[in-house]
Amino acid sequence: MSESFKYSREGYLNENFHYFHLKDTAGQERDYHFHDFDKIVILISGGVDYTVEGTSYRLRPWDILLVRNHMIHKAVIDVTVPYERVIIYLDSSFIDRFAPDGGLMECFSRAEFTQRCLIRPGEEEKSKLAACLENMEECVNDSGFGAEVLRGTSLAQLMVHINRIMQSSLPMEVEAPEHSEKISAALSYINENLTEELSIDELAARSYLSRYHFMHLFKAQTGYTVHNYIRQKRLNLAARLIREGMPAVRAASESGFSDYSAFHKAFVKTFGISPGKIKKQG
């Protein structure tokens, strides 16, 4: 993969949700990537650092990491110890259908808004979390009558518990590299102004850094260049608008692309599908 497309869409979800309980010595190292679906990571044992949108989290056993769809992230795994974790790929629209007005996706919205994706349960909460996962594992392996309803119910119970933990938890401290607040502020500004003209000079000036220093720190903290990050976020926005019914040409323009042919080429290379086909998929 070329430098200009160094991070990619990975993983596919063709069902309401998918539950993984994995244990190995190394895990699967991946470069920065994103998903079209939401993702829950619960560490059982081992050592892993996750970087999500430029913020680094060192997970402890039973920590919960919430990765919103299209958040760019990467895991760095300690290969010297066994690595056990539960990972859930989740279609948020299923949760909304299964429990209308239940607010079960509030934990993801809050994590995205506060830019704090890590939740650390207390001792009593860990026991309840373990019980939720045990019940869920039984349900996902059940193929008898009403199995689909049981799976949905077990997921809803887990989401209720995660939201309760988030509501009762104190804000988590995260690793803070030098100038991390300036880069985090730049990331927020980019995401809030994707459709506007975004120049490196302007972003550097807003961060009170030289152009060179800003570009260097941005790449060191996030793992990708300013240009690549902005383009990927604009592509993600365009994909969402197209799925919601907007014509591809307009979606490209609304997402900050002035050249449709360049947009189309980048879209296909990143998502592996044309804008027209994504619209048909809904």
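Numbers here are sequence positions counted from 1.
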For the pair Tyr229 and His227, evaluate ring pair (Phe, Tyr, Trp, His ring centres under 6.0 Å) and give the outcome as yes or no after the intermediate values.
CA-CA 6 Å; Tyr229 180 84; His227 175 72; over 10 Å; no
Are [X] and [Y] side-chain neighbours, meaning at least one heavy-atom pair lies under 4.5 Å?
| X | Y | result |
| --- | --- | --- |
| Phe20 | Arg85 | no |
| Lys182 | Leu209 | yes |
| Phe98 | Thr153 | yes |

Using the side chain to side chain donor-acceptor pair (under 3.5 Å) rule, take Asn228 and Thr225 through it: C-alpha gap first, then chi angles, then the decisive distance, then the call.
CA-CA 5 Å; Asn228 286 351; Thr225 67; 3.3 Å; yes
Step by step, would you call Leu90 with His18 a side chain to side chain contact (heavy atoms under 4.5 Å, CB included)?
CA-CA 7 Å; Leu90 174 62; His18 197 89; over 6 Å; no
Classify the ring geometry between [X] and [Y] as parallel (under 30°), tilted (30 to 60°) or perpendicular (over 60°).
| X | Y | value |
| --- | --- | --- |
| Phe214 | Phe218 | tilted |
| Tyr89 | His35 | tilted |
| Tyr212 | His216 | parallel |
| His73 | His33 | tilted |

Between Ser188 and Gln115, does the side chain to side chain donor-acceptor pair (under 3.5 Å) criterion hold? Intermediate values first, please.
CA-CA 9 Å; Ser188 296; Gln115 298 184 27; 2.3 Å; yes
Nearest-0.5 Å distance, [atom1] of residue [X] to [atom2] of residue [Y]:
| X | Y | atom1 | atom2 | result |
| --- | --- | --- | --- | --- |
| Ser274 | Lys265 | OG | NZ | 16.0 Å |
| Leu187 | Ile72 | CG | CD1 | 9.5 Å |
| Tyr50 | Cys117 | OH | SG | 11.5 Å |
| Leu59 | Ile77 | CG | CD1 | 11.0 Å |
| Phe263 | Thr270 | CZ | OG1 | 10.0 Å |
| Ile88 | Leu133 | CD1 | CG | 6.5 Å |

For Asn236, the option from Arg240, Arg234, Gln232 that meets side-chain hydrogen bond (donor to acceptor under 3.5 Å, both in side chains):
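Of the listed options, the one satisfying the test is Gln232.
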Are there more than 12 heavy atoms of other residues, nucleotides or ligands under 6.0 Å from atom [atom1] of [X]?
| X | atom1 | result |
| --- | --- | --- |
| Glu15 | CD | yes |
| Glu244 | CD | yes |
| Glu134 | CD | no |
| Arg164 | CZ | no |

[X]/[Y] ion pair, N-O < 4.0 Å:
| X | Y | answer |
| --- | --- | --- |
| Asp201 | Arg206 | no |
| Lys126 | Asp63 | no |
| Glu125 | Lys128 | no |

Where do [X] and [Y] come nearest, in terms of heavy atoms and distance?
| X | Y | result |
| --- | --- | --- |
| Glu137 | Tyr19 | OE1-OH, 2.8 Å |
| Leu43 | Val48 | CD1-CG1, 4.0 Å |
| Met71 | Lys233 | CA-NZ, 4.2 Å |
| His70 | Phe271 | NE2-CE2, 4.5 Å |

Are the side chain of [X] and the backbone of [Y] linked by a donor-acceptor contact shorter than 3.5 Å?
| X | Y | answer |
| --- | --- | --- |
| Asp38 | Arg68 | no |
| Asn193 | Glu196 | no |
| Arg60 | Arg58 | no |
| Asp142 | Glu138 | no |

In the single-linkage hydrophobic clustering (I, L, V, M, F, W, Y; side-chain heavy atoms under 4.5 Å), do [X] and [Y] co-cluster?
| X | Y | result |
| --- | --- | --- |
| Ile242 | Val268 | no |
| Met159 | Val149 | no |
| Ile273 | Phe34 | yes |
| Leu150 | Val160 | no |

Report all side-chain donor-acceptor pairs from residues 246-257 shorter than 3.5 Å, counting only partners two or more places apart or in another chain.
from, atom 1, to, atom 2, distance (Å)
Ser255, OG, Ala238, N, 3.2
Ser255, OG, Ala251, O, 2.7

